[in-house]
Amino acid sequence: MGARLCYNAPMHYDIVILGGGAGGLELAAQLGRQLGRREGRDKVLLVDRSVFHIWKPTLHEVAAGTLDAHQEGLSYTILARRNHFGFALGEMRALDPVKRQITLAPLLDEEGRAIAPERQISFRWAVLAVGSGSNFFGTPGAEHAYVLEQAQDAERFRRHLLAAFARASFSPQRSLGVAIVGGGATGVELSAELIEAHNELLDGLGKGQRFRLDISIVEAGPRLLGGLPEKISGQATTALERKQIKVMTGTRVLEIKPGALQTSQGEVPADLIVWAAGIKGADANTTLGLAVNKANQFIVNEHLETSVPGIYAMGDCAACPWQDGKLVPARAQAAHQQASYLLKVFHGLLRERPLAASFVYKDFGSLVSLGDNKGVGNLMGGLSGRNFFVEGLLAKWMYISLHLMHHRAIVGLGNTVVLALARLLQRRVSGRLKLH
Ligand SMILES: Cc1cc2nc3c(=O)[nH]c(=O)nc-3n(C[C@H](O)[C@H](O)[C@H](O)COP(=O)(O)OP(=O)(O)OC[C@H]3O[C@@H](n4cnc5c(N)ncnc54)[C@H](O)[C@@H]3O)c2cc1C
């Protein structure tokens with residue numbers, strides 16, 4: 001049986017999931033496995049603008065060249081075939097809440113030639129899981145910074161980083177400056193991973209070609225990892241400073257210029273600048289006829305339903321109420337819990353017994369990778385309801401296990417073990433750093 005990758009329209013599906021990321025893909029795979037094909041057709045359709053899936057929390061590794069996106073990526077077409085859902089490649093261009101129809105933009109190849117025309121897909125229920133992009137908060141000069149929104153962004157940064165590495169090893173100064181704006185998990189993990197990549201590279205370079213890597217993390221708030229407990233923030237700062245990373249807290253970026261950041265503490269020169277300071281929904285979210293907040297996220301109720309009944313939103317693109325007037329944080333953990341909740345919602349809807357229970361986000365803590373087989377974080381809840389601090393190798397293993405759990409939800413336990421082993425063996429043979 002061939003994969004059901006659909007280019008042609010019009011089509012109708014009971015459930016259309018837009019976006020196959022951390023949350024959307026888990027939901028599509030689990031719904032597909034449970035509902036399967038009925039009356040000779042798929043009940044569930046997943047739409048994504050990319051042909052392959054990569055778990056977004058690994059993008060800093062792709063950017064540093066320590067993870068190969070093409071080896072790590074999972075083809076949506078194959079996942080669709082194995083999990084019994086349909087897959088449509090394309091970018092959502094419009095959504096008509098009244099006709100209950102989405103429009104996908106025409107598909108073009110790299111040279112801009114048409115592959116498939118604009119397509120319409122109608123649905124009974126839809127789930128928006130289109131994730132988020134970067135929030136520059138109006139800072140001028142955004143075009144001079146790299147972002148890590150999609151695999152292509154991380155790949156582009158990796159290519160330019162390799163060129164910059166080569167340039168630095170031939171330069172009279174023998175140094176390369178990288179400035180990372182934003183001291184959240186992405187900025188901290190990226191800086192640690194860049195140090196790993198640099199160390200790996202230095203191992204293979206002759207003495208005369210070695211160069212210094214100067215990394216600065218610029219954070220407007222008073223400490224790194226501002227959303228996490230102070231103890232974690234302190235440990236992360238110490239670990240990064242030990243790696244000679246310059247941590248500049250309480251520093252606001254006023255402008256991004258080619259080769260430098262203009263900050264409230266003066267100019268920070270940098271050959272490469274990465275913006276990792278905040279997230280925002282796509283501007284297109286405001287044009288779909290659904291209520292959105294200031295960050296372009298779809299406003300949802302306690303059942304994850306948007307302002308239009310039968311259209312749900314989850315993950316980073318959803319503004320979901322949590323505790324003390326706060327929103328559920330934009331994390332893979334939240335997207336995963338929302339996917340599990342929506343699975344129950346659809347079971348109820350299909351049996352005409354709507355689920356009464358509301359979505360309740362449970363914060364199980366956070367883990368941050370600090371390179372060198374080290375991590376730091378906290379685990380919350382458990383039987384005693386206490387908050388545990390974890391660090392070192394244990395924290396790193398727990399961090400890796402989150403990725404494995406995501407794979408387990410989409411490819412099953414056996415395939416996850418095979419994939420993990422294959423990755424380990426590949427690293428042993430080819431080395432950690434992707435240089436080509
Ligand atoms: C470098 C980095 C490190 C991170 N580390 C962590 C971490 O350690 N722990 C943690 O909990 N979270 C982490 N996060 C955050 C986490 O990745 C997100 O919260 C999570 O991926 C959100 O899941 P999602 O399903 O909402 O969106 P995503 O995973 O971003 O998926 C969105 C999907 O929608 C598709 N899409 C978007 N727009 C369209 C469109 N118009 N048409 C069709 N398809 C579309 C995209 O191609 C993508 O596949 C990290 C993020 C980054 C960038």
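Values below: all heavy atoms of this structure, side chains included; hydrogens, waters and symmetry mates excluded. First listed ligand is number 1; within each ligand, the first listed atom is number 1. The first residue of the sequence shown is numbered 1, and numbering continues consecutively from there.
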Can you find an N or O of Gly19 that's nearer than 3.5 Å to an N or O of ligand 1?
-> no
For ligand 1, which atoms have a heavy atom of Ala335 less than 4.0 angstrom away?
-> 23 (O)
Work out whether the distance between some heavy atom of Phe364 and some atom of ligand 1 is less than 4.0 Å.
-> no
Compute the minimum heavy-atom distance from Gly90 to ligand 1 and say whether it is under 4.0 Å.
-> yes
How far is atom 50 (C) of ligand 1 from its nearest protein heavy atom, and which residue and atom is that?
-> Pro57 CA, 3.9 Å
Near Gln333 (heavy-atom distance under 4.0 Å), the atoms of ligand 1 are 11 (O)
Please identify which atoms of ligand 1 are closer than 4.0 Å to at least one heavy atom of Gly131.
-> 26 (O), 27 (O), 30 (O), 32 (C)
Are any of the N/O atoms in Leu148 less than 3.5 Å from those in ligand 1?
-> no
Is any side-chain N of the basic residue among Glu255 and Lys257 closer than 4.0 Å to the acidic one's carboxylate O?
-> no
More than 12 heavy atoms from other groups under 6.0 Å of CZ on Arg33 = yes
Indicate the atoms forming the closest heavy-atom contact of Ile245 with Ala192, along with that distance.
-> CD1-N, 4.3 Å
Gap between atom NE2 of His406 and atom NE2 of His53 - 0.5 Å precision = 3.0 Å
Going by heavy atoms, is Leu18 under 4.0 Å from ligand 1?
-> no
Heavy-atom nearest neighbour of atom 41 (N) of ligand 1 within options Glu26, His403, Met92, Gln338 = Met92
Heavy-atom gap Ala129 to ligand 1 smaller than 4.0 Å | yes
Proximal atoms of ligand 1 relative to Gly20 (non-hydrogen, under 4.0 Å) = 33 (C), 49 (O)
May I ask you to check whether Leu59 has an N/O atom sitting below 3.5 Å from an N/O atom of ligand 1?
-> no
What atoms in ligand 1 come closer than 4.0 Å to a heavy atom of Ala330?
-> 19 (O)
Any salt bridge between Arg331 and Asp363, counting N to O under 4.0 Å?
-> yes
List the closest protein heavy-atom neighbour of atom 29 (O) of ligand 1: residue, atom name, distance to the nearest 0.1 Å.
-> Ala22 N, 3.0 Å
Part of Tyr76 with heavy atoms under 4.0 Å of ligand 1, whether side chain, backbone, both or neither | side chain
Are a donor atom and an acceptor atom from the side chains of Glu72 and His403 found within less than 3.5 Å of each other?
-> yes
Any N/O pair Ala185/ligand 1 closer than 3.5 Å = no
To the nearest 0.1 Å, how far is atom 51 (C) of ligand 1 from its closest protein heavy atom, and which atom is that?
-> Thr186 OG1, 4.0 Å
Is Arg423 salt-bridged to Glu61, going by a charged N under 4.0 Å from an acidic O?
-> yes
Distance to 0.1 Å, residue and atom name: give those for the protein heavy atom nearest to atom 31 (O) of ligand 1.
-> Gly21 CA, 3.1 Å
Side chain, backbone, both or neither: which part of Glu189 has a heavy atom under 4.0 Å from ligand 1?
-> side chain
Report, as yes or no, whether the 6.0 Å neighbourhood of atom CZ on Arg100 holds more than 12 heavy atoms from other residues, nucleotides or ligands.
-> yes
Give a yes or no on this: more than 12 heavy atoms of other residues, nucleotides or ligands lie within 6.0 Å of atom CH2 of Trp397.
-> no
How far apart are the C-alpha atoms of Leu176 and Asp214, what are their side-chain angles, what is the distance that settles it, and do they pass the side chain to side chain contact (heavy atoms under 4.5 Å, CB included) test?
-> CA-CA 6 Å; Leu176 172 70; Asp214 299 320; over 6 Å; no
Option nearest atom 49 (O) of ligand 1 (shortest heavy-atom distance, choices Val130, Asp48, Val47) = Asp48
Is any N or O atom of Arg49, backbone or side chain, closer than 3.5 Å to an N or O atom of ligand 1?
-> yes
Within the structure, does Tyr399 bring an N/O atom to less than 3.5 angstrom of an N/O atom in ligand 1?
-> no
Tyr146-His160 aromatic ring centre distance below 6.0 Å | yes
Please write down residue, atom name and distance for the protein heavy atom closest to atom 12 (N) of ligand 1.
-> Ala332 N, 3.2 Å
Ligand 1 atoms nearer than 4.0 angstrom to some heavy atom of Gly315 are 26 (O)
Atoms of ligand 1 under 4.0 Å from any heavy atom of Gly23, numbered from 1 in the order shown, are 25 (O)
Atom 23 (O) of ligand 1: any protein heavy atom closer than 4.0 Å = yes
Touching ligand 1 at all, Trp55? Heavy atoms, strictly under 4.0 Å?
-> no
Answer yes or no: are there more than 12 heavy-atom neighbours, outside Glu230 itself, under 6.0 Å from its atom CD?
-> no
Decide whether Tyr312 and His303 meet the rule of one side-chain donor and one side-chain acceptor closer than 3.5 Å.
-> no
Report, as yes or no, whether the 6.0 Å neighbourhood of atom CD on Glu110 holds more than 12 heavy atoms from other residues, nucleotides or ligands.
-> no
For atom 30 (O) of ligand 1, what's the nearest protein heavy atom and its distance?
-> Lys56 CD, 3.3 Å
Check: Asp316 N/O within less than 3.5 Å of ligand 1 N/O | yes
When rounded to the nearest 0.5 Å, the distance separating CH2 of Trp275 from OG of Ser134 is 9.0 Å
Under 3.5 Å side-chain donor-acceptor pair for Gln34 and His347 | yes
N-O pairing of Asp14 and Lys43 below 4.0 Å | yes
